[in-house]
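Have a look at the structure below before the remarks.
Throughout, protein chains are lettered first and strands after them, A, B, ... in sequence-line order, and every chain is numbered starting at 1.
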Amino acid sequence: MPELPEVETIARGLRPLLVGRTITGVSILGPHLIPKRGKNFEEQMIGKRILDVYRRGKILIVELDNMNRLAFHLRMTGRLGLMPSGEKPGQHVHLLLALDDQTSLFFQDQRKFGTCALFAAGELEAWPFYAGLGPEPLAMDKEEFAARLKGKRGRIKGLLLDQRFIAGIGNIYADESLFRAGIHPALAADRLTPGQIGKLHAAVQDVLTEAIAAGGSSIRDYRTAAGLAGAFQETFQVYGCKSLPCHRCKGIVQTTRVAGRTSSFCPRCQPRP
DNA sequence: AGACCCCTGGAC
DNA sequence: GTCCAGGGGTCT
């Protein structure tokens, strides 16, 4: 579920609640569900102070003392939030971190695809997935985007979804960006005109910025750190809009399969290559 | 590039 | 029942 705007929203919501807190207790409710959790995870976490909460791509990072970092990847149904310590954890809560203000950070994940791992100083950068992440889309100008596209093979949607090419975009924001840019998801990346590259760069930045402002997109599971739904789903132009009329023309939104994912597009605004 | 895997649950 | 889902890893 959570793509860049959702993880960013969660990080922003958690930051004021977590920074300055000390971890006083750890409960792992399903050890096998947190495979990469670091050695002696429980003992290492107790007494650590939280210094910062931020995001890189779709990864949420909780920075602790001495550059120890807790990294969460929410995958499809992961959620993070705070609850009063001592309260019964909800269904599918796999990790609880008790804090020194009588609240507990919970990590919940219905489908159990999400991961949480503790990295000592320097270890996060050594994690291949992290080390291989492409640039942050909101920190990349048009020239860099064009330069990174140069010589790339494959279809444009596949590239947008490739975290090594650009970090943080998933199925929703890839489809919404391609619609705004008027580009078919299956168009070969090396066939984009300079004009299309400029439009796509702007579309990606606009869509992500607007989605963050809306608190993310809630299809079903995603909630902010405070447990609220996002609002960007109300402005979807193509994602989840199959068979509905395009907002911009008289076309009917269709789906196709690109890069192994259902891809929604308007056949008139985004003509087939 | 594609198939299939991890897992749960909602829609049909 | 079957198919599908905001992700990513692995294997052919």
Just how far, in rounded Å, is [atom2] of [N] from [atom1] of [X]?
X	N	atom1	atom2	value
A:Met76	B:dG9	CE	P	15 Å
A:Lys157	B:dA1	NZ	C1'	15 Å
A:Ile169	C:dG6	CD1	C1'	13 Å
A:Gln110	C:dG7	CD	C1'	15 Å
A:Ile10	C:dG6	CD1	C1'	11 Å
A:Leu133	C:dG7	CG	P	14 Å
A:Asp221	B:dG9	CG	P	10 Å
A:Tyr130	C:dG9	OH	P	15 Å

From [options], nucleotide with atom closest to [X] side chain:
X	options	answer
A:Gln91	C:dA5, B:dG2, B:dG9	B:dG9
A:Arg111	B:dA1, C:dG6, B:dT8	B:dT8
A:Ile172	B:dT8, C:dG8, C:dG6	C:dG6
A:Arg75	C:dG7, B:dT8, C:dG6	C:dG7
A:Glu3	C:dG6, C:dG8, B:dT8	C:dG6

I'd like the [atom1] distance from [M] over to [N], given in whole Å.
N	M	atom1	value
C:dC3	B:dA3	P	15 Å
B:dA11	C:dG6	P	16 Å
B:dC6	C:dG1	C1'	22 Å
C:dT10	B:dC7	P	16 Å

For [X], report the nucleic acid contact type (base, sugar-phosphate, nothing); a contact means any heavy atom under 4.0 Å.
X	result
A:Phe129	sugar-phosphate
A:Arg155	sugar-phosphate
A:Arg257	sugar-phosphate
A:Gly170	sugar-phosphate
A:Gly158	nothing

Does the side chain of [X] come under 3.5 Å of the side chain of [Y] through a donor N or O and an acceptor N or O?
X	Y	result
A:Tyr173	A:Glu6	yes
A:Lys48	A:Asn66	no
A:Ser217	A:Tyr239	no
A:Asp221	A:Thr77	no

May I ask you to say whether A:Glu123 pairs ionically with A:Arg69, meaning some side-chain N is under 4.0 Å from a carboxylate O?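 Looking at A:Arg69 together with A:Glu123, the answer is no, because their closest N to O distance does not fall below 4.0 Å.
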Should A:Arg180 and A:Glu176 count as an ion pair when the cut-off is N to O under 4.0 Å?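 No salt bridge links A:Arg180 with A:Glu176.
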Stacking of A:Phe113 on B:dC7 base (centres under 5.5 Å, planes under 30°):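 No, the aromatic ring of A:Phe113 does not stack with the base.
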Stacking check A:Tyr222 vs C:dG6 (5.5 Å / 30 deg):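 Stack criterion not met.
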Taking for each residue the nucleotide of DNA chain B with the nearest heavy atom, is it A:Arg153 or A:Arg220 whose nucleotide lies nearer the 5' end?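 Closer to the 5' end of DNA chain B: A:Arg153.
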Give a yes/no on whether any side-chain N or O of [X] is located under 4.0 angstrom from OP1 or OP2 of [N].
X	N	answer
A:Tyr173	C:dG6	no
A:Lys58	C:dG6	no
A:Thr262	C:dC4	no
A:Arg261	C:dG6	yes
A:His92	B:dT8	no

Across all strands shown, which nucleotide pairs with B:dC7 by Watson-Crick or G-U wobble geometry, both distances under 3.5 Å?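 Across any shown strand, B:dC7 pairs with none.
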Taking O4'-C1'-N9-C4 for purines and O4'-C1'-N1-C2 for pyrimidines, is C:dG7 syn (within 90° of 0) or anti?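 This nucleotide is in anti.
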Are the aromatic rings of A:Phe72 and A:Phe107 close, with centres under 6.0 Å apart?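 Yes; A:Phe107 has its ring centre under 6.0 Å from that of A:Phe72.
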